Amino acid sequence: MRLSKTLLPTLKEDPVEAQIVSHKLMLRSGMIRQLGAGIYSWLPLGLRVLRKVENIVRQEMDRAGAQEVFMPAVQPAELWQETGRWQQYGTELLRFRDRGGRDFCFGPTHEEVITDLVRNELRSYKQLPANFYQIQTKFRDEVRPRFGIMRGREFLMKDAYSFDLDQESLDNSYELMFKAYQQIFKRCGLSFSAVEADTGAIGGSDSHEFHVLAESGEDAIASCSNCDYAANLEKAVAGWPDVVACRPTAQMQKVATPNIKTIDEVAGFFAVTPDKTCKSLLVETDEGRFMLLLRGDHELNEIKAANFLDGDNFRLMEPEEVKKLTGVGVGSIGPVNISLPIIADLSLKNSSDFICGANEDDFHLTGVNWESDLPRPEFADLRNVQAGDSCSRCDFGTLRLDRGIEVGHVFKLGDKYTKSMGMTVLNQGGREQTPLMGCYGIGVSRIVAAAIEQNHDDNGIVWPIFLAPFHVEILLINPKEAAAAQLAEEIYKQLQESGLEPLLDDRNERLGVKFKDADLIGAPLRVVIGGRGIKEGAVEVQSRVDGSSEKVALDKVGELLINRTKGLLQES
RNA sequence: CGGGGUGUAGCGCAGUCUGGUAGCGCAUCGGUUUUGGGAACCGAGGGCCGGAGGUUCGAAUCCUCUCACCCCGACCA
């Protein structure tokens, strides 16, 4: 591609709206432009990278035996009503009507559409297992779009759906996808981690997320220092070392604590560490209201709590509601003498002599103990793990927390959709059987941003070879120097003919401008061609990756660039 | 959804408090000189100041409404 004939609007300054490095660099290098909140146009440079990711995904999906299809982005409400998700999905689902007043949505995902397709087309167990995928534009009306393409509302996603006759076969399909995903992210040059994830409201047995580790990540990932356990914080479980229960030593006492409300204030007031306190949270689900107890230094994991309580519409009660229900402000509620079902976090099992609210404004109880002061409640894992917690899978490890960008998610869905939408095939015995489903997503556009988060320096992007929009940038210092221009053209042609993608900067710009842009754009290799080099009989080949450069004889340059690039492509 | 902020040339901003014919830097176009790490000079083009309504002789500026975008929060007892 010739830069003189390409729309590549680079920016010198960081746009004010960009917070994270990938967003800044995508704007500055002219890859994308914003059209509205969470909605972006892809310019030539960005699109080239997007297509690279897409092709890697496509190749690996095909290799894993999945079949590509292409489904509508716009979906009729009826399908979503069949599975109940028209009601469930909430405001993230972009809904609209056609001229006839019929309800539609812009698909945020395609379980309904694919299930509708296969229930009409698949009849026999002999057609299973089957796995269909597409690469499609999705729309999710995010609460808060941010970070450019990273959490956009409109985005490009690869979604795949497998159909199997039985669990064993589903397990196998899942495993195939899991391996394909590892291959995909590896080829994208990403350092990633597969972690156990919560299955959410969708249910099902297994789920893994693939995370690119990066500081800007929106998810917290727990991983073990000793074994290969890794899980999303939403799901991560800490080990429960067999601490011998401390024997109660204190009598329960009511203490006046004027204006002492938060755990920190309580711990400060009594001069103890927060783990000696117990925090009480009131929550509500369709099943009723509950009090949850946590150690003062722990955070509630709402997903775990919601899963445990097993009622829909889990939510924390508002302070005013708590006041109305108990007559006490949230800072002073506690588990002693309260007429609500209590569930306590496992970490409180062996607690003794702890401090909690007294159910009376501005009073707390100290020296509280199970049995003597209140009955032992039901215990469950309700909290977020913390760095340093012991691992639940092995004996020696401790957990650490990192930030991750979710780029892929694999799910075993079971029969949720096939059952509610009445998809069956005839099994070997001639009976109707509901197949089991798996679904597998990859954030194609997000990968572009994630790759930049992991591959950049102060001057711009440093593309991994498989995602690079161009393999080699030919930097022609002055297009008016005939000999240099001719050499640049020759190399350009030579690279193209050998299947490489070169970028020729043939603009009539100053050298500094060209170098700055080249750094921004981030082609792995660069060759600088100018009159001086020609005179010396050698030109400079530079590596964007390590900044190294070497002089190469004029007649050897093309060959060297080709070999170097092919070497990189093979290594990766 | 709550709170905060910003909308003025392609980009970054000043001007708004205190009303009086809209500016700066970069970018763009023409010219001259330059040309191995974001050039210099001369000249030029480009704005219904987010939109609507109002106050006023007069509104980017004051008032009302509205739209868009950005940031923070929506994990706390």
Side-chain angles (χ1 to χ4, degrees), chain A residues 7 9-20 23 27-28 30 33-39 90-91 141 143-148 220 233-234 257 260-267 274 277-283 291-306 314-323 326 328-335 338 355-359 361 364 382-384 459-460 475-481 484 505 507-520 526 528-536 539-540 542 547 549 551:
Chain A
L7 177 64
T10 55
L11 306 172
K12 284 185 191 174
E13 295 169 80
D14 281 338
V16 278
E17 72 267 23
Q19 307 296 311
I20 60 171
H23 190 194
L27 289 167
R28 286 192 54 205
R33 286 293 183 262
Q34 181 174 18
L35 182 64
I39 306 178
T91 49
D141 201 351
V143 178
R144 182 137 106 84
R146 62 184 136 182
F147 302 153
L233 183 66
E234 293 176 348
T257 51
I260 300 294
K261 293 190 167 58
T262 67
I263 288 294
D264 281 346
E265 289 164 0
V266 171
T277 70
C278 159
K279 69 168 95 168
S280 316
L281 310 176
L282 296 190
V283 300
M291 175 175 275
L292 305 182
L293 298 183
L294 291 165
R295 227 169 65 182
D297 58 328
H298 288 157
E299 283 179 350
L300 175 65
N301 181 314
E302 295 196 25
I303 291 170
K304 288 179 181 177
F314 173 93
R315 67 183 189 92
L316 214 61
M317 288 174 68
E318 298 296 326
E320 308 83 68
E321 296 175 291
V322 173
K323 182 90 187 176
T326 64
V328 188
V330 290
S332 299
I333 55 168
I338 193 121
I355 298 169
C356 62
N359 286 325
D361 278 331
H364 279 77
L382 297 177
R383 70 175 180 102
N384 284 335
N459 297 317
L475 197 155
L476 175 58
I477 291 174
N478 184 353
K480 288 173 188 159
E481 290 172 342
D505 190 347
R507 293 174 303 173
N508 190 19
E509 284 289 351
R510 299 183 70 81
L511 179 67
V513 174
K514 295 193 177 197
F515 271 112
K516 287 292 182 190
D517 281 350
D519 284 345
L520 256 186
R526 180 189 307 166
V528 184
I529 298 176
R532 199 167 82 190
I534 303 247
K535 214 174 286 173
E536 289 170 6
V539 291
E540 205 175 327
Q542 300 178 338
S549 76
K551 299 270 183 176

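Throughout, a chain's letter reflects where its sequence line sits, starting with A, and its residues are numbered from 1. Bear in mind the structure is a predicted one, so any value in this text is a computation, not a measurement.
- Judged by Watson-Crick or G-U wobble contacts below 3.5 Å, the nucleotide B:C1 has B:G73 as its partner.
- Distance A:K304 NZ to B:C75 C1': 14 Å, rounded to the nearest Å.
- Nearest nucleotide to the side chain of A:T262, out of B:A77, B:G36, B:G38: B:A77.
- The salt bridge (charged side-chain N to carboxylate O under 4.0 Å, His left out) test applied to A:E299 returns no partner, not counting sequence neighbours.
- Between A:M291 atom CE and B:A77 atom C1' there is a gap of 9 Å when expressed in whole angstrom units.
- One C1' atom belongs to B:A44, the other to B:G7, and the distance between them is 28 Å to the nearest Å.
- Judged by Watson-Crick or G-U wobble contacts below 3.5 Å, the nucleotide B:U6 has B:A68 as its partner.
- Within 3.5 Å, no donor on the side chain of A:E509 pairs with an acceptor on the base of B:G38, nor the reverse.
- For A:D519 against B:G37, a side-chain-to-base donor-acceptor contact under 3.5 Å is present.
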Please tabulate, one pair per line, each protein N/O and nucleotide N/O from nucleotides 39-45 of chain B that are separated by under 3.5 Å, including the distance.
| unit_1 | atom_1 | unit_2 | atom_2 | d |
| --- | --- | --- | --- | --- |
| B:A39 | OP2 | A:R510 | NE | 3.1 |
| B:A39 | O4' | A:R510 | NE | 3.3 |
| B:A39 | N9 | A:R510 | NE | 3.4 |
| B:A39 | N9 | A:R510 | NH1 | 3.2 |
| B:A39 | N7 | A:R510 | NH1 | 3.1 |

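- Legend: residues meeting side-chain hydrogen bond (donor to acceptor under 3.5 Å, both in side chains) with A:D361, ordered by chain and number and at least two apart, are A:K323.
- When the salt bridge (charged side-chain N to carboxylate O under 4.0 Å, His left out) test is applied to A:D517, the partners found at least two apart in sequence or on another chain are A:R507.
- Picking from B:G25, B:C75, B:A77 the nucleotide with the shortest atom distance to the side chain of A:N384 gives B:C75.
- Scanning for side-chain hydrogen bond (donor to acceptor under 3.5 Å, both in side chains) contacts around A:R146 gives A:E218, with sequence neighbours left out.
- Distance check on atom P: B:C57 versus B:C13 gives 37 Å, rounded to whole Å.
- Note on A:M317: a base of the nucleic acid sits closer than 4.0 angstrom, heavy atoms only.
- Atom-to-atom, CD of A:E481 to P of B:G36 comes out at 9 Å; the value is rounded to the nearest Å.
- The pairing partner recorded for B:G43 is B:C29, the criterion being a Watson-Crick or G-U wobble arrangement whose two distances lie under 3.5 angstrom.
- Side-chain N or O atoms of A:K304 include one that pairs as donor or acceptor with a backbone N or O of A:R383 at under 3.5 Å.
- For the P atoms, the distance from B:U61 to B:C48 is 15 Å, rounded to whole Å.
- Minimum heavy-atom separation, A:A484 to A:I534: CA-CD1, 3.5 Å.
- Across every strand in view, B:C49 sits unpaired, with no contact that passes the Watson-Crick or G-U test at under 3.5 angstrom.
- Nucleic acid contact for A:G533: base, since at least one base atom lies under 4.0 Å from a heavy atom of the residue.
- On the P atoms, B:A59 is 34 Å away from B:G43, given to the nearest whole Å.
- Contact annotation: the side chain of A:L281 approaches that of A:L294 to within less than 4.5 Å [non-hydrogen atoms, C-beta and beyond].
- Under a 3.5 Å cut-off, the side chain of A:K279 and the backbone N or O of A:H298 do form a donor-acceptor pair.
- Within 4.0 Å of A:L294, counting heavy atoms only, lies no atom of the nucleic acid at all.
- With sequence neighbours excluded, no residue forms a salt bridge (charged side-chain N to carboxylate O under 4.0 Å, His left out) with A:E265.
- For the atom pair CG (A:N384) and CG (A:N301), the distance works out to 4.5 Å, reported to the nearest 0.5 Å.
- Whole-Å rounding puts the A:I263 CD1 to B:C75 P distance at 18 Å.
- Between the CZ atom of A:R507 and the C1' atom of B:G37 there is a distance of 14 Å, given to the nearest Å.
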Next on the checklist: Within the 4.0 Å limit for protein heavy atoms, which parts of nucleotides 66-73 of chain B are touched? Write it as a string from 5' to 3', B for base, S for sugar-phosphate only, - for none.
Outcome noted: ---SSSB-
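- Judged as a side-chain hydrogen bond (donor to acceptor under 3.5 Å, both in side chains), and not counting sequence neighbours, A:T326 has no contacts.
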Shorter than 3.5 Å, N or O on both sides, protein versus nucleotides 4-9 of chain B: list them out with atom names.
none

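- At whole-Å resolution of the value, CG in A:L475 and C1' in B:G38 are 13 Å apart.
- Rounded to the nearest Å, the gap between the P atom of B:C1 and that of B:U56 is 36 Å.
- Note on A:G357: nothing from the nucleic acid sits closer than 4.0 angstrom, heavy atoms only.
- When the side-chain contact (heavy atoms from CB on, under 4.5 Å) test is applied to A:A220, the partners found at least two apart in sequence or on another chain are A:L233, A:R403.
- In this structure B:C24 sits in a base pair with B:G12, meeting the Watson-Crick or G-U test at under 3.5 Å.
- B:U35 and B:G51 are spaced 47 Å apart, taking the P atom of each and rounding to whole Å.
- Toward the 5′ end of RNA chain B lies the nearest nucleotide of A:R28, the other residue of the pair A:R28 and A:N301 mapping further downstream.
- Comparing the same atom, P, in B:G73 and in B:A40 gives a spacing of 42 Å after rounding to whole Å.
- Closest to the A:R526 side chain, of the nucleotides B:A77, B:G37, B:G38, is B:G37.
- When each of A:R33, A:R28, A:H23 is checked for a side chain to side chain contact (heavy atoms under 4.5 Å, CB included) with A:P15, only A:R28 meets the rule.
- Within the 4.0 angstrom heavy-atom criterion, only backbone atoms of the sugar-phosphate kind lie near A:K261; the bases stay farther away.
- Under the rule for a salt bridge (charged side-chain N to carboxylate O under 4.0 Å, His left out), the partners of A:K514 that lie at least two apart in sequence or sit in another chain are A:D505.
- Remark: A:T262 pairs with no residue by the side-chain hydrogen bond (donor to acceptor under 3.5 Å, both in side chains) rule, at least two apart or across chains.
- Whole-Å rounding puts the A:R315 CZ to B:C75 C1' distance at 15 Å.
- At whole-Å resolution of the value, CG in A:D14 and P in B:G38 are 19 Å apart.
- Nucleotides B:C41 and B:A60 are separated by 34 Å at their C1' atoms, to the nearest Å.
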